[in-house]
Amino acid sequence: MLDVSPVRAFADNYLWLIRVPLGLRGAVVVDPGDARAVNEALAREGLSLRAILVTHHHSDHVGGVAELASCHGAKVFGPAKERMPCSSTPLDDGVELNLEDLGLEFHVMAVPGHTLGHIAYHGHGALFCGDTLFSAGCGRLFEGTAGQMLESLDRLASLPDDTRVYCAHEYTLGNLRFAATLEPGNAAVLETLEAVRALRARDAITLPSTLGRERRINPFLRCREPTVRAAAEAHAGMPLPGAADVFAVVRAWKDGFR
């Protein structure tokens, strides 16, 4: 199991710091939007930055990449189909990213929807999914279509139940409030909502989740469930013939949910 810790940044971002398994006092950071926050964490933990992994091009995920790469000489890896802020190794779907000198290996998955070139990293029982999958939610459709995002989420949901999900924002409480509105009879949603309320009351992190849990509580992974379909059809006021149609209604509903 990887040794992963969150670095908080901005209002609700998590930049994930992975300790190198080989005992080199090294670290890898995922989606470092804020160089200062990462540097403070490295200094506090006595770690040296060896590599940077990026899931997509939004500024809160890449804002610190160039500075960190320059200061630490860290290797940068990012999506092949998106513009990166500095020189990097481009990664596309199906690539096996093998960082042999660090004892790390990740399978790269293309997961378009939030952005068109978004990628995720899966390895060592962990999933670093950026803004594609959140606990009880998913990213907004800034560039892709509902069909693309549903296909991406289906790919992630096919990973093993015990896969630990390291998403990039603390959105869990709001997402669960929406999930409870959508499926008020879902006991797993209601139980998780109460647990998350207690965590957030003391400003504790709600992540990582697991894919097994997400399949029980995340409406965007449950678009084929009769309860979610019925709620989406009632909200839309019309029949919804396919899962992508259900997803599109649920995503638009969530966009306006307060």
Answer yes or no: is there a side-chain heavy-atom contact under 4.5 Å between I18 and D3?
no
Under 4.0 Å between a Lys/Arg side-chain N and an Asp/Glu carboxylate O for R50 and D101?
yes
Donor-acceptor under 3.5 Å (H114 side chain, R140 main chain):
yes
Closer than 3.5 angstrom, by distance alone: can the side chain of E105 be matched with the main-chain N or O of E96 as a donor-acceptor pair?
no
Exam field: side chain E82 to backbone H57, donor-acceptor pair closer than 3.5 Å
yes
Report the C-alpha distance between T227 and L182 in whole Å, list the side-chain angles of each, state the deciding distance to 0.1 Å, and finish with yes or no for side chain to side chain contact (heavy atoms under 4.5 Å, CB included).
CA-CA 8 Å; T227 49; L182 193 75; over 6 Å; no
Is there a side-chain contact between L104 and L2 in this structure, where contact means two heavy atoms from C-beta onward sitting under 4.5 Å apart?
yes
Could you tell me whether the side chains of D131 and H61 share a donor-acceptor contact shorter than 3.5 Å?
yes
Quick one: does any side-chain atom of D92 pair with a main-chain N or O of A80 as donor and acceptor, under 3.5 Å?
no
Determine the minimum heavy-atom distance between Y121 and G78, stating which atoms define it.
OH-CA, 3.9 Å
Evaluate the ring planes of F142 and H58, with Trp represented by its six-membered ring, and classify them as parallel (under 30°), tilted (30 to 60°) or perpendicular (over 60°).
perpendicular
If you round to the nearest 0.5 Å, how far is OG1 of T206 from CZ of F134?
11.5 Å
Check this for me: does any side-chain nitrogen of one of D245 and R229 sit under 4.0 Å from a carboxylate oxygen of the other?
no
Taking Y171 as the starting point, is it possible to reach L15 by hopping between hydrophobic residues whose side chains are less than 4.5 Å apart?
no
Would I52 and L68 satisfy side chain to side chain contact (heavy atoms under 4.5 Å, CB included), going step by step from the backbone distance to the final call?
CA-CA 8 Å; I52 298 168; L68 290 169; 3.9 Å; yes
Nearest heavy-atom neighbours spanning V246 and C223:
CG1-O, 3.6 Å
Could you list the donor-acceptor pairs under 3.5 angstrom formed between side-chain atoms of residues 195-202 and any protein atom two or more places apart in sequence or on another chain?
from	atom 1	to	atom 2	distance (Å)
R197	NH1	E194	OE2	2.7
R200	NH1	A204	O	2.8

Joint hydrophobic cluster, M84 plus L91, side-chain heavy atoms closer than 4.5 Å:
no
Take I217 and S135 through the test side chain to side chain contact (heavy atoms under 4.5 Å, CB included) and record every step on the way to the result.
CA-CA 8 Å; I217 67 171; S135 184; 4.3 Å; yes
Hey, does the side chain of H118 reach the backbone of G130 with a donor-acceptor pair shorter than 3.5 angstrom?
no
Between R251 (side chain) and M149 (backbone), is there a donor-acceptor pair under 3.5 Å?
no
State yes or no: do Y14 and F128 share one hydrophobic cluster built from I, L, V, M, F, W and Y residues joined by side-chain heavy-atom distances below 4.5 Å, directly or via other members?
yes
Where P219 and A136 come nearest, the two heavy atoms and their spacing:
CD-O, 3.6 Å
Do NZ/NE/NH1/NH2 and the carboxylate oxygens of E45 and R19 come within less than 4.0 Å?
yes
According to the interplanar angle, ranging from 0 to 90°, do the rings of F220 and F178 count as parallel (below 30°), tilted (30 to 60°) or perpendicular (above 60°)?
parallel
In terms of heavy-atom contacts, does CD of E100 have more than 12 from other residues, nucleotides or ligands at under 6.0 Å?
no
Quiz question: by atom type and distance under 3.5 Å, do the side chains of H72 and N39 form a donor-acceptor pair?
yes
Answer yes or no: is there a donor N or O on one side and an acceptor on the other, between the side chain of N186 and the main chain of R216, under 3.5 Å?
yes
Just verifying a value: how many Å separate L127 CG and L159 CG, rounded to the nearest 0.5 Å?
6.0 Å
How close do A248 and A146 get, counting heavy atoms only, and between which atoms?
CB-CB, 3.8 Å
Spell out, as yes or no, whether a donor-acceptor pair under 3.5 Å connects the side chain of E143 to the backbone of L116.
yes
Looking at side-chain heavy atoms only, is the closest gap between L97 and L53 below 4.5 Å?
yes
Could you state the interatomic distance from CD (E67) to CZ (R36), rounded to the nearest 0.5 Å?
10.5 Å
Nearest 0.5 Å, please: how far is CG in L173 from OG1 in T192?
12.0 Å
When you measure from the side chain of R155 to the backbone of E151, do you find a donor-acceptor pair of N or O atoms at a distance under 3.5 Å?
no
Is the closest side-chain heavy-atom distance between P32 and V29 below 4.5 Å?
yes
Rounded to the nearest 0.5 Å, the CG atom of L150 sits from the OG1 atom of T145 at a distance of 9.5 Å
With side chain to side chain contact (heavy atoms under 4.5 Å, CB included) as the test, pick out the partner of H169 among D60, N175, L207.
D60
Suppose we screen for salt bridge (Lys or Arg N to Asp or Glu O under 4.0 Å). Which residues come up paired with E183, at least two apart in sequence or across chains?
R222
In short, P79 meets T55 closest at the heavy-atom pair CG-O, 3.8 Å
Please give me the minimum heavy-atom distance between V249 and A232, naming the atom from each residue.
CG1-O, 3.6 Å
Are any of the side-chain heavy atoms of D31 and V54 separated by less than 4.5 Å?
yes
If you define the side chain from C-beta out and look only at heavy atoms, does anything of T163 sit under 4.5 Å from T210?
no
Spacing of Y166 atom OH and S209 atom OG [to the nearest 0.5 Å]:
11.0 Å
Report yes if some heavy atom in the side chain of W16 is under 4.5 Å from a heavy atom in the side chain of V7; otherwise report no.
no
Are any side-chain N or O atoms of N98 and backbone N or O atoms of G103, one a donor and one an acceptor, separated by less than 3.5 Å?
no
Centroid separation H122 to H107 less than 6.0 Å:
no
Between V111 and L141, is there a shared hydrophobic cluster once you connect ILVMFWY residues whose side-chain heavy atoms come closer than 4.5 Å?
yes
Hey, does L42 have a side-chain heavy atom less than 4.5 Å from the side chain of V38?
yes
Using the rule given for salt bridge (Lys or Arg N to Asp or Glu O under 4.0 Å), can you reason through D34 versus R8, listing the C-alpha separation, both sets of side-chain angles and the distance that settles it, and then say yes or no?
CA-CA 9 Å; D34 184 350; R8 298 190 183 200; over 6 Å; no
Tell me whether L221 is reachable from V189 by hopping between hydrophobic residues (I, L, V, M, F, W, Y) whose side-chain heavy atoms are closer than 4.5 Å.
no
One thing to verify: whether D93 and K81 come together as a salt bridge, which I'm taking to mean a side-chain N less than 4.0 angstrom from a carboxylate O.
no
With the threshold set at 4.0 Å, does a side-chain nitrogen-carboxylate oxygen contact exist between R213 and D162?
no
Give the ring-plane orientation class for H235 versus W253, where under 30° counts as parallel, over 60° as perpendicular and anything between as tilted.
parallel
Residue pair V76, S87: steps toward the side chain to side chain contact (heavy atoms under 4.5 Å, CB included) verdict:
CA-CA 7 Å; V76 180; S87 178; over 6 Å; no
